[in-house]
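Below: the structure, in structure tokens.
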Amino acid sequence: MVKNYFFYYLFRFAAALGQEIFYITFLPFTYWNFDPFVTRRLISIWAIVMYIGQASKDILKWPRPSSPPVVKLETRVDAEYGMPSTHAMAATAISFTFLISTMYRYKYPFVLGLVTAAIMSTLVSLSRIYTGMHTVLDVICGVLITGVIITLTYPFWNILDNLQLTSSLTPIIAVVLTFTLSYTYPALDHYSPTRGDTTIILGGAAGSTVGCWLNYQYGKTYEPEGMLPFEIPSVTLDIMFLAVVRFLTGVFILFLTRQVIKTLSLKALCAWFDIPIRDTEARKRLEIEVPYKFVTYSSIGFNATAVVPLLFQFLGLL
């Protein structure tokens, strides 16, 4: 029974910041309305951190907290293992990658950015304990692992970003590598949503990488122009209205993409393997789940970075 509704809604909201609904809205919003330079880094580090975190869960196989004594407020991911907390990893990765990517690129008080990043990652981390999904150790390890990954990869961010945009092999490597990692994901003796969720993340990252690469080939990076560091523009009603229109238009295209590609890919795979499309258990099979989720979310990533900005340009929203 909930006794403190303030903490209940606060931590339920914080928990949502580590779920699909946040990724599929925040990352495109940042790309369309802020700075693709920053978004590329967010997607790359997020994908690396999440793959390591998700795979670690299924390799270590540490159980989630027992209920009782904890009260579990979520059920979807209960079949997953607990160590480390990928919510804590994702929140830490996105918060601090955003901070590091913008601190020399934009003019703003660094302390303000640091405090904001710390608050966001802390709220999400605490929400996993509050909802009964993780132990304190799960959360601490998730944050520390992410800190190590960011520290080790930071010196290579600019090099990797330049290779992603300029190399002729980028589309092949992005698709083949991420699909292979999804298909060879550590196997379990029971079904867990971790493989499917990891495929969604890697597919979205692959599609986004190909989309950004294609944009660069045609000279359309959509990045701010001028001398560094950039001034953060004042938030006016016109800017807010334009951002909302872009966001709603873009999300509608992504939702449409998801529905169409998911339906078509499932029909094709079920026909190929002679499986009834309504058989939800069959969709959990490796040869069905990974391809349809990878194709669906790589299409979403590609459309978000390449197709939607072209639509904005056509509609005069850029």
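Note that the numbering runs from 1 along the sequence shown for the chain.
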- Item | More than 12 heavy atoms from other groups under 6.0 Å of OH on Tyr154 | no
- Hey, are Arg128 and Asp138 close enough for a salt bridge, meaning a charged N less than 4.0 Å from a carboxylate O? no
- Query: Is the ring centre of Tyr216 less than 6.0 Å from the ring centre of Trp213?
  - Reply: no
- Item | Full working for side-chain contact (heavy atoms from CB on, under 4.5 Å) between Thr194 and Tyr185 | CA-CA 9 Å; Thr194 48; Tyr185 184 82; 3.5 Å; yes
- Above 12 or not: heavy atoms from other molecules or residues under 6.0 Å from CZ of Phe255? no
- What residue among Phe29, Phe98, Phe247, Tyr222 forms ring-ring contact (aromatic ring centres under 6.0 Å, His included) with Phe34? Phe98
- Note on the structure: Between Leu242 and Leu317 the two heavy atoms that sit nearest each other are CD1-O, 3.7 Å
- Salt-bridge present (Glu231, Lys107; N to O < 4.0 Å): yes
- Task: Decide side-chain contact (heavy atoms from CB on, under 4.5 Å) for Tyr51 and Thr178; before the verdict, give the C-alpha distance in whole Å, the side-chain angles of both, and the deciding distance to 0.1 Å.
- Result: CA-CA 10 Å; Tyr51 179 81; Thr178 52; over 6 Å; no
- Item | Passing option when Met89 is tested against Leu144, Thr146, Val143 for side-chain contact (heavy atoms from CB on, under 4.5 Å) | Thr146
- Query: Are Leu42 and Ile45 connected in the hydrophobic side-chain network, where two residues link if heavy atoms are under 4.5 Å apart?
  - Reply: yes
- Query: Would the Phe37 and Phe230 ring centres measure less than 6.0 Å apart?
  - Reply: no
- Any side-chain donor paired with an acceptor under 3.5 Å for Ser208 and Tyr31? no
- Query: So does Lys284 have more than 12 non-hydrogen atoms from other groups sitting under 6.0 Å from NZ?
  - Reply: yes
- Item | Greater than 12 external heavy atoms within 6.0 Å of Phe273's CZ | yes
- Test log, rule side-chain contact (heavy atoms from CB on, under 4.5 Å), inputs Ile288 and Leu266: CA-CA 8 Å; Ile288 301 291; Leu266 272 175; 4.1 Å; yes
